[in-house]
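Beneath this line is the structure, given in structure tokens, with notes to follow.
Convention: sequence-line order gives letters A, B, ...; per-chain numbering from 1. Keep in mind that the numbers below use all heavy atoms, side chains included, and drop hydrogens, waters and symmetry copies.
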Number of protein chains: 2
Amino acid sequence: MTAKIIDGKAFAEALRIRIANHVDRLKSQHGITPGLAVVIVGTDPASQVYVSSKAKQTAEVGMNSFKHELPADVLEAELLSLIAALNADPAVHGILVQMPVPKHIDPNKVIETIDPAKDVDCFTPANVGKVQIGLPGPVSCTPLGCLMLLRDELGSLEGKNAVIIGRSNLVGKPMMQLLLRDNCTVTVAHSRTQNLPEVVRAADIVIAAVGRPQMIKGDWIKPGAVVIDVGINRVDAPERGEGKTRLVGDVDFAAAAENAAAITPVPGGVGPMTIACLLANTITTASLINGLVPPSDLTA
Amino acid sequence: MTAKIIDGKAFAEALRIRIANHVDRLKSQHGITPGLAVVIVGTDPASQVYVSSKAKQTAEVGMNSFKHELPADVLEAELLSLIAALNADPAVHGILVQMPVPKHIDPNKVIETIDPAKDVDCFTPANVGKVQIGLPGPVSCTPLGCLMLLRDELGSLEGKNAVIIGRSNLVGKPMMQLLLRDNCTVTVAHSRTQNLPEVVRAADIVIAAVGRPQMIKGDWIKPGAVVIDVGINRVDAPERGEGKTRLVGDVDFAAAAENAAAITPVPGGVGPMTIACLLANTITTASLINGLVPPSDLTA
């Protein structure tokens, strides 16, 4: 193995320290305590773990954390009226509704109801459009995390040939916007792409975001490329004992690490960046809501 | 010359007939006469010509055309209050403010004031975001025109390697969304791209939207590629007499036509499509405003 392993956990820790410093500054210089409201509907264990982790990290950086738990059978109208109340609450600068919501609730209605000014997930059309146009605002959390890791690794991304595999609204499409803004030549590949290995072989930067375990092979990686693996897939691991599993990315890590200059591991790569970037977005929205210029080191 | 010359003028004429049929249907079946309001500030001759052409074509397809001419020194607040009145007017389904506006008026404020439901230019962040997410709404006019020409030429675009040169908010970025939605592998190249000729040589579909006369050379075009030239550049034409000029695209047309399977000329290619697509968007918004499903043959 020759590649540098990009330590997302350490980067996210350092980012949270920067965020905590911005929280201190907002409190002491402007009398603002950024506040993040998290809404969870139902008792899905994975969502519960994720929401607890968000709440814990929010408090740790010195922000106010507001947690709203609603029963799985809550009426859609009740959820929407809670969001409206959070939109109106001046102590709340970010609103996150943990997805997925139960089937009787329309997720698009939920997203439409969130005030774009407080939409720290960057799910509302207005914020998605602002990222494309280049206007200030929150930026999709996982792509923002990938961008920060890339900038840290490479410095300027100008003129790099970036290939994104996967075109989801959550990762692929916002990632394309951010890499284009950083002056990469950007290619988006996906399930209908012809000759994917050849497309990937031309990339200086590979972003894998397809959700298929280890589908990007090691010999597709150009020597010296930087590989960011967004996939988190659970696969059987009989070598660890009967019924055991382990997490793998979308990239065949061991083989890719033979060619890449640097690569993110799974877990411990992109994963830890997502919540940290959610907190970063809350600083951005708290700043904009109060007519302040958001800190440049926390956004795209 | 071997390439088929794509006749945008004829395609736009046929499109306007389809639009006129949809206008008839909306009138007779739903009692709706689609209406497009065009606002022009000042007396720039090019803008005047363009606005007159829009008004004429709007009336020709049977829509209501509302023209508002404001003096060059109009107060920003007055323009914004006109837009607010148009937002509230039920006879108006599309609002277009001719750009550029005079320097004392902030174009972003103008765009922000237009109700996204009536934003037929697809300039508002909410509509830009909807195109990325895949929600129904108006689509940027010039990219929509390019898409229609490509579909007409190629049928399905699935798996085609599309290269867009230029990343403007008006053309390059929305074009990327539309081609991705049609299952192309999409690359966006621009001024910072390394080795542009090689990037273009891999393209089955070339979209040139840089605004630099004839910068895309003929030998960059892969044999059999389809070339869409969005550029409209005025250059000196001493061969036509002293002081004479002519229009050329971003592609070296004569040389590219030796390699391409099909290519749009300048003028007469993409140009005529833009206003036709503005009318198509007005059908889309008039439908959505009235709770009707917009016709699928007029959008992306």
| query | In terms of heavy-atom pairs under 4.5 Å with chain A, which of B:Val128, B:Asn161, B:Asn108 leads? | reply | B:Val128

| query | Is chain A contacted by the side chain of B:Pro174, its backbone, both, or neither, given a heavy-atom distance below 4.5 Å? | reply | both

| request: For A:Arg151, look at atom CZ and say whether over 12 heavy atoms of other residues, nucleotides or ligands are found less than 6.0 Å away. | output: yes

| task | Verify the neighbour count for atom NZ of A:Lys109: are there more than 12 heavy atoms of other residues, nucleotides or ligands below 6.0 Å? | result | no

| note | Ranking A:Gln194, A:Arg167, A:Lys130 by heavy-atom pairs under 4.5 Å to chain B gives rank one to A:Arg167

| message | Using every non-hydrogen atom in the two residues, find where B:Ala126 and A:Pro125 come nearest and quote the distance to one decimal. | response | O-CB, 3.3 Å

| query | Which one of B:Gly134, B:Ala189, B:Cys184 has the most heavy-atom pairs closer than 4.5 Å to chain A? | reply | B:Cys184

| remark: Here the pair of heavy atoms bringing A:Ile133 nearest to B:Asn169 is O-ND2, 3.2 Å

| note | Ranked by heavy-atom pairs below 4.5 Å to chain A, first place among B:Thr193, B:Val186, B:Ile164 goes to B:Val186

| note | Under 4.5 Å to a heavy atom of chain A? For B:Leu196 that would be neither

| said: Only pairs of heavy atoms separated by less than 4.5 Å count here; which of B:Glu158, B:Gln132, B:His190 has the most with chain A? | reply: B:Gln132

| note | Tightest non-hydrogen contact, residues A:Arg192 and B:Asn183, listed as NH1-ND2, 3.3 Å

| request: Check the pair B:Gln177, A:Gln177 against side chain to side chain contact (heavy atoms under 4.5 Å, CB included), reporting the backbone distance first and the verdict last. | output: CA-CA 10 Å; B:Gln177 303 287 2; A:Gln177 303 287 3; 3.0 Å; yes

| Options A:Asn195, A:Leu135, A:Thr185, A:Thr124, ranked by heavy-atom pairs under 4.5 Å with chain B, top entry | A:Thr185

